[in-house]
Amino acid sequence: MKRLIFAIFSAAALTAGAGEKLTGTPIGTQQCVDYDTGQPSTTVHTVETLFDGDFDTYFATYARSYTWGGLDLGTPHIIERVGWAPRNDYWEGEDRVKMAVIQGANSPDWLDAVPLYIITEKGTVNQMSYGDVNCSKGFRYVRYVSPSNVRCNLAELEFYGHEGEGDESNMFQFSNLPTVIINTVNSEEPYDKEHDITSNIIILDKNTYDTNAPGTVRERGNSSRTHPKKPWRIKFEKKQGVLDAPAKAKKWTLINNHSDKTLMRNVLAFEISRRMGLDFTPYCQPVDVVLNGEFKGCYQLCDQVEAKPGRIPVTEMEPTDIEGEALTGGYHFEIDSYANEEPEGTWFSSERSKIPVTVKSPDDGGTPEQFNYIYNYFSELDKLVHARNFSDPVEGYRSKLDLDSYLRYFICQEIIGNADCIWSVHMHKERGDDLIKAGPIWDSELAFDNDHRVYPTNKLDQLVTLAGRGPIANGMLTFHKRIFHIDLNSRKERSRIWSIARNESDLTGESLCAYIDHWAEQMKTSADLNFMRWDVLGKLIFTNPRAENSFEEAVENLKTYIRERITRLDEKNFLDYDPEAASVALPNADPSSSVEAELIISGNCVSLADGGAFSVYTTDGRLCFEGKGTTSPLTPGIYIIRTPKGESAKFSI
């Protein structure tokens, strides 16, 4: 992979000579620009000029972005080298080729198009630059896709190679991260959250196809949609398992991370969620993204937060689930300050405190019976939180709220220092379960000292979730304070959960910084390309408190924050760390026990070599598996195994 990446960045220094120079029918964006009149034209600066051998003629389109020129080769050819020359314009012509993408396809609508090369250096006027292409598949159609906002303005284009269909054993990727390719019908760009654009979605991983399926794409998010680098939701026609994600589902999200110069704050937040033992942490994988041939940068491919197998662990409700136990779940809802922007019948305000809540599952708020059930249930919880006997373990809010999950969720928010933590809170309730659970963690781009409203977080004299420094959903600050701070027994429990996580779940500054270093190494090439595409380094974007000048500087700031944050939260009157705290359920787990030698761990599943019975617990004593055979896949973290003989040992996934 390092040799491939070197070839990408060294391309301009190469000279032509690989394979034969290919010829074909020029194809490309039809509407060109007549610079003399500023009007569209089909007679000047046309695509044919790319192949006339004259540096003084050039191809320029009327549209500024998503335009292209190339060749129909007649039959598939394996492309070995590509050459280009910018428009003969010393003022800005040489820079216009940077971030152009070379693509190949076998369908004239380009829905199957994949990248072959990306140009990362400026060109030279009156001179060809060349780059080697490393792709084993043959393509009939090849093209140069213009960088954004430059109208192509390309003088010459050359392709070299040989005829052949090839194979899919070695596809091009921009970096060692997977590549997500979205090709829409007629290259239509997603433009809002309501309209799904018909697409074909391809995912390349380890230089071969992981996914290639029809679907749709649209924008997603709220404030993140205001950035020029847009967030998207993709939806396959049929359920797809992608990469190593646990879920097989139609809907997936692409998080843009535009104001996060580490590009990994969500990755880290999800890892902290796993170590804190939340019952569901969204899948997250950094990826490179291409839309209609234009490189869009480094994103994170994540689960859609929804009630589906492998995702939020509640039963999917049917419209017929309107009475008895079936009506009790499962529900997924969000305390959501944007709730009133949703369609009527999908959101409500709680009866007492007017806390805004959007019902995410069942879809569209469910039937009237289902909508009214969760409205009444959450409203009752709201009343209990504000009741005089609210802290009573039987008659108070604990009768309707799973305090353990609530505390774990908000301890996560305290670690990451999320100013938006009581602006948006995801919750869920399972069928037949009286308790509402908090989670999952979501949307942490502004966390970890990336928001001027709480920066510097570690200088605050109180917990972030209690400070009221960020945006607050109506009624939520008092609701949260009564549970998380005023209830003294809750404070003791949060100290216990925090201390056990610190002692047994590898929740240390050293370990989390090692995790950051791992991803920084994995993402370096992708980050370089991202910041070449988006000029945000050294600038304050959205709520940034610092204008970090490089990816490396941003990563070091993140590591400094996490080291200081763990130390800060250990202090009395914050989370009150107890270095002696241990799991109540299995206090005598012995890491050197012979059980560990008998463990078989494969694909996050665990079994014993002798096929005997065993139990698996989380470090806070929750049972994950009991019996013989093999467990289902476990979320990465630290666990305890116990046999009927009383042997026990810790192990990690």
Side-chain angles (χ1 to χ4, degrees), residues 1-11 14-28 50-51 68-84 100-120 128-145 157-183 199-214 240 242-243 287-295 525:
M1 179 56 65
K2 289 183 179 179
R3 289 193 297 272
L4 171 61
I5 293 170
F6 176 80
I8 293 171
F9 284 90
S10 303
L14 300 175
T15 57
E20 62 179 86
K21 185 176 180 179
L22 303 178
T23 60
T25 303
I27 54 176
L50 288 177
F51 307 100
W68 59 276
L71 290 175
D72 175 356
L73 301 174
T75 59
H77 284 66
I78 295 172
I79 307 303
E80 300 172 46
R81 183 164 291 186
V82 61
W84 61 90
V101 173
I102 309 300
Q103 279 192 310
N106 284 304
S107 176
D109 59 12
W110 296 90
L111 288 178
D112 66 337
V114 295
L116 302 177
Y117 191 84
I118 185 168
I119 300 171
T120 59
M128 295 296 295
S129 299
Y130 294 94
D132 286 336
V133 173
N134 191 357
C135 181
S136 61
K137 186 174 181 177
F139 299 98
R140 174 176 171 174
Y141 306 98
V142 288
R143 68 180 181 179
Y144 168 104
V145 181
L157 182 63
E158 297 174 354
F159 295 95
Y160 295 81
H162 64 275
E163 188 172 12
E165 294 187 359
D167 58 40
E168 298 175 353
S169 63
N170 185 37
M171 305 301 294
F172 170 83
Q173 291 178 220
F174 297 97
S175 72
N176 56 342
L177 300 182
T179 297
V180 176
I181 303 153
I182 305 170
N183 299 315
S199 314
N200 191 61
I201 300 147
I202 298 168
I203 301 177
L204 301 176
D205 185 36
K206 300 179 178 64
N207 299 104
T208 191
Y209 283 84
D210 174 88
T211 304
N212 185 359
Q240 298 286 331
V242 302
L243 301 173
V287 295
D288 296 309
V289 174
V290 184
L291 174 68
N292 296 323
E294 188 177 298
F295 181 79
T525 300

Close side-chain approach of Val142 to Leu73, heavy-atom, < 4.5 Å: yes

Phe295 and Asp288, any side-chain heavy atoms less than 4.5 Å apart: yes

Worked check of side chain to side chain contact (heavy atoms under 4.5 Å, CB included) between Asp72 and Arg140: CA-CA 6 Å; Asp72 175 356; Arg140 174 176 171 174; 2.7 Å; yes

Nearest-0.5 Å distance that lies between atom NE2 in His162 and atom CD1 in Ile78: 3.5 Å

Non-hydrogen side-chain atoms of Trp84 and Ile102 separated by less than 4.5 Å: no

CG on Leu111 to CD1 on Ile201, rounded to 0.5 Å: 10.5 Å

Check: Val133 and Glu80 side chains under 4.5 Å, non-hydrogen atoms: no

Euclidean distance, Lys21 NZ relative to Arg81 CZ, rounded to 0.5 Å: 13.5 Å

Note, Arg143 side chain near Trp110 side chain (heavy atom, < 4.5 Å): yes

Heavy-atom pair of closest approach, residues Asp205 and Pro178: OD1-CG, 3.5 Å

Heavy-atom pair of closest approach, residues Ser107 and Asp109: OG-OD1, 2.5 Å

Value rounded to 0.5 Å, distance of CG in Asn134 from CD in Gln173: 11.0 Å

Ser136 backbone acceptor or donor facing Asn170 side chain under 3.5 Å: no

Heavy-atom check, side chain of Ile181 versus side chain of Pro115, under 4.5 Å: yes

Of Ile202, Thr208, Asn207, the residue whose pairing with Leu204 passes side chain to side chain contact (heavy atoms under 4.5 Å, CB included): Ile202

Criterion side chain to side chain contact (heavy atoms under 4.5 Å, CB included) on Gln103 and Asn183, from CA distance to verdict: CA-CA 11 Å; Gln103 279 192 310; Asn183 299 315; 4.1 Å; yes

Heavy-atom neighbours of Glu165 CD exceed 12 at 6.0 Å: no

Spacing of Phe159 atom CZ and Thr23 atom OG1 [to the nearest 0.5 Å]: 12.5 Å

Inter-residue atom distance Ile79.CD1 - Lys137.NZ, 0.5 Å rounding: 13.0 Å

Min side-chain heavy-atom separation Tyr144-Ile119 under 4.5 Å: yes

Exercise: identify the closest heavy-atom pair between Leu22 and Gly161: CD2-O, 3.7 Å

Side chain proximity check, Val82 to Leu157, heavy atoms < 4.5 angstrom: yes

Which atom of Phe139 lies closest to which atom of Ala105, heavy atoms considered: CD2-N, 3.3 Å

Nearest heavy atoms of Gly138 and Pro76, plus distance in Å: C-CB, 3.9 Å

